Amino acid sequence: MLFSEAEMTNQDLTAFRPSVCPLDCPDTCSLTVKVEDGRISEVRGSTANPFTAGVICNKVARCYPDFVHGAARLRHPLKRTGPRGSGSYERITWEEALDLIHAGFNQAIEAHGPQSVLPLNYAGPHGELAGGSMDRRFFYRMGATLLDRGPLCGGVRGEAYASLFGSAPGMPPEQAVQSDLVLVWGNNVTVSNLHFMRVIKEARKSGARVVVIDPKRIKLAEQCDMHLQLRPGTDVVLALGLAAELERRDALDMAFIGKWTHGFDSYMEEARAYTPDRVAEICGLPAEELHQLVDWIVASRRMASSFGNGIERTRSGGAGLRAAMALNALTGHHGRLGAGVVAKSGVAAPKTTARLQGDHLIRPGTRCFNIVDVAEKMLDRSLDVPVGAVMIYNHNPVATHPDQDRMIEALTQEDLFIAGADVVMTDSMAYCDVILPAASHFEYDDIYGAYGQNYIQRAEPVIAPVGESLPNTEIFRRLAARFGYQEREFRDSDKDLMDQAMDASHPVFGGKPPSEMSCDQAIALTAGDGSQLVLCHSVMPQTPSGRIELFNQDLEDRFGCGVPRYDPAPQDLPLVLVTPSSDKRTNATFGHHALSAGAEVVQVHPQDAEARGLSHGDPVTVWNARGEVTFTLEVTTATRPGVVYSPKGTWLSSSRSGRTANALIPSALRTDIAGGACYNETFVDLRRGWDSRPD
């Protein structure tokens, strides 16, 4: 339900209300929001969700009040009055804004057909309604170009997981308290999976060993039992080498393999090529570390493996994830509490996404773009159906896509009509012809699954919509009405949509509609019989073979990758730039906040700094053939020689060059499966100063 400002302020002048954090993060925290005089004054953690248990990250606590009420908040519809990117806008009415969008989209449709309209959205709010419901129905009904969003982030990891286990839910993170060995692989838990840290600490108190596998010495690596600081993109080599060494020691669980896996012989044929010495050479690791880890795996009885998205962002990213996830199957670490792959437990949610998004409205034969290709597609006027109109929402492509200059070039085309909707004024909104003010999640109803834990939550508005802002659902209802779409799908209320987002007959709802679940308590997802989610015990692999597929025929047919294989990208410059998550932002959200003010840092190993005559605190320019970006140098052994680090999600104002690290990232290079972006195989060099590169 939506409340008017008068209705909300007539309630208690000071109140604490339950909510949920919808940002693109695996934890999906429950929140307690302090509201004073109709404004959010404080955001705290809540115990409604037992996994997040009253703890939230610093960036959420510090940034949300400004995000909702600060100077960057979009409060009214706007029309562009100056050049694209200039930020020159004037206030207009909702009716005028809808008319302009109707005219802009129709001009493209009349010239080239409905597929000339492109929705450009990704993962702003993760609520089921705001993330994808009425908006999808609108564009499906129109016949607009479809978008494959996964390759930008998460899609490779999802496909890698599904290639092994299908749609079966993985191990919920809380179960790792019962593990005796925890592998944290490409997952900076303190920054982007905070509540797993509590689980790890509890496991360690009971004697568990913790191993971090990451090119960067993350905070957890300073507290763990071993840190394998491998070269970016070589995870598949390490995982295959571990499998081969375990076989040489006769330490594979052949009984489990025979009962529960498919394709063992093909898999091991590939793995046996990687001896400990070869692994050490390729990964840049001491061979004794490999042997020590094998010793610990052999001694373990309950190994848990946790994976972030870092591994997927290289040419061999899909292979790296598949090989690393396969270790649990090869060693029989499934089928009991504390043993398994900590991933995708949220797929146990009884989502009915096709119904919610109106998949029946999709026109057969509609083209589909890989989201990583959209800048190229927008610029290509030779397409049979060129892109004539774009709508950006739930997304900040200028701050998040590879090859930033190409994205900006695409959005600068004056013959392209661009509409946008967002909560705050972003770098991407500055290129729109019309901007619609979107409500923050504190201002509407929604229901929330999660991709990193196994709870469902619901939230109601805690304040009235700020200014004239509207929820995504209402924005697209109004657009549908303006375009004359009268079908019943466009008359559904938010309550209707919540009930269409989940299967109400599922036992977790206790016979009540999803829209009526309490906002004060998260619902835990379990197996069909009510027991805990345990793969190969209470839930089964959902693959064509009914087993964990070490060899996957579908990936072999589509990509020639039936088993994981190492396929490195050619390196043309001496340094590798990696851009993991920031402790100041959630992806690009909060990039305008004071936490992100000033020049972003780039971390460089002392050897690489000394070789270039650089010192800590120097202004530096990082460059390659795609562009130049300025940073402040931080000299640290937290990164290994040859690897430089700068957090992702910065906005253009962070650099004197007017570009961010994304300007250096290639868009043409793709992962081995799923066509994903290779953010972490960006090859660069750097020099002192913020001047232009000499000829």
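Residue numbers start at 1 and run along the sequence shown. In this text, all values refer to a predicted model and were calculated from it rather than measured experimentally.
- In this model, no donor atom of one side chain and acceptor atom of the other lie less than 3.5 Å apart for Asn587 and Thr589.
- For residues 58-72, the set of pairs meeting the side-chain hydrogen bond (donor to acceptor under 3.5 Å, both in side chains) definition, not counting sequence neighbours, comprises Asp66-His592.
- With salt bridges taken as basic N to acidic carboxylate O contacts below 4.0 Å, one links Arg73 and Glu443.
- By the salt bridge (charged side-chain N to carboxylate O under 4.0 Å, His left out) test, Asp499 is found to be paired with Lys495, residues two or more places apart in sequence or in another chain being considered.
- To the nearest 0.5 Å, atoms CZ (Arg39) and CZ (Phe442) are separated by 13.5 Å.
- By the 4.5 Å heavy-atom criterion applied to side chains, Arg477 and Leu470 are not counted as neighbours.
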Which pairs of donor and acceptor atoms, one on a side chain in residues 419-427, lie under 3.5 Å apart (sequence neighbours left out)?
residue	atom	partner	partner atom	Å
Thr426	OG1	Ser428	N	3.2
Thr426	OG1	Met429	N	3.1
Asp427	OD2	Leu652	N	2.8

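- Phe196 meets the ring pair (Phe, Tyr, Trp, His ring centres under 6.0 Å) test with no other residue; sequence neighbours excluded.
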Applying ring pair (Phe, Tyr, Trp, His ring centres under 6.0 Å), run through His401 and Tyr122 and close with a yes or a no.
CA-CA 11 Å; His401 279 240; Tyr122 182 60; 8.3 Å; no
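- Judged as a salt bridge (Lys or Arg N to Asp or Glu O under 4.0 Å), the pairs with a partner in residues 154-164 (not counting sequence neighbours) are, in order, Glu159-Arg558.
- Residues Asp494 and Thr473 bring a donor and an acceptor atom of their side chains to less than 3.5 Å of each other.
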Checking ring pair (Phe, Tyr, Trp, His ring centres under 6.0 Å) for the pair Phe67/Phe590: CA distance, chi angles, key distance, verdict?
CA-CA 7 Å; Phe67 182 73; Phe590 307 139; 5.6 Å; yes
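- Under the rule for a side-chain hydrogen bond (donor to acceptor under 3.5 Å, both in side chains), Tyr89 has no partner lying at least two apart in sequence or in another chain.
- Between Pro580 and Asn188 the shortest side-chain heavy-atom distance does not fall below 4.5 Å.
- In this structure Phe476 satisfies the ring pair (Phe, Tyr, Trp, His ring centres under 6.0 Å) test together with Phe138, Phe139, Tyr393, sequence neighbours excluded.
- Phe509 is linked by a ring pair (Phe, Tyr, Trp, His ring centres under 6.0 Å) to nothing, counting only residues two or more places apart in sequence or in another chain.
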Derivation of the side chain to side chain contact (heavy atoms under 4.5 Å, CB included) call for Arg91 and Glu468:
CA-CA 11 Å; Arg91 178 178 173 179; Glu468 295 182 90; 3.5 Å; yes
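- By the side-chain hydrogen bond (donor to acceptor under 3.5 Å, both in side chains) test, Asp99 pairs with Arg482, sequence neighbours left out.
- Pairs of residues two or more places apart, or lying in two chains, that qualify as salt bridge (Lys or Arg N to Asp or Glu O under 4.0 Å) and include a residue from residues 127-145 are Glu128-Lys351, Arg137-Asp492, Arg141-Glu487.
- With sequence neighbours left out, Tyr451 forms a ring pair (Phe, Tyr, Trp, His ring centres under 6.0 Å) with His126.
- Counted by atom type alone, Arg367 and Thr145 present one or more donor-acceptor pairs between their side chains at under 3.5 Å.
- Considering CD1 of Ile92 and CG of Leu78, their distance stands at 7.0 Å, rounded to 0.5 Å.
- Using modelled atom types and a 3.5 Å distance limit, the side chains of Asn187 and Ser306 yield a donor-acceptor pair.
- Using modelled atom types and a 3.5 Å distance limit, the side chains of Glu174 and His195 yield no donor-acceptor pair.
- Side-chain contact between Ile447 and Met517 is present, with heavy atoms from C-beta onward closer than 4.5 Å.
- Contacts of Glu516 classified as side-chain hydrogen bond (donor to acceptor under 3.5 Å, both in side chains), with partners at least two apart in sequence or in another chain: none.
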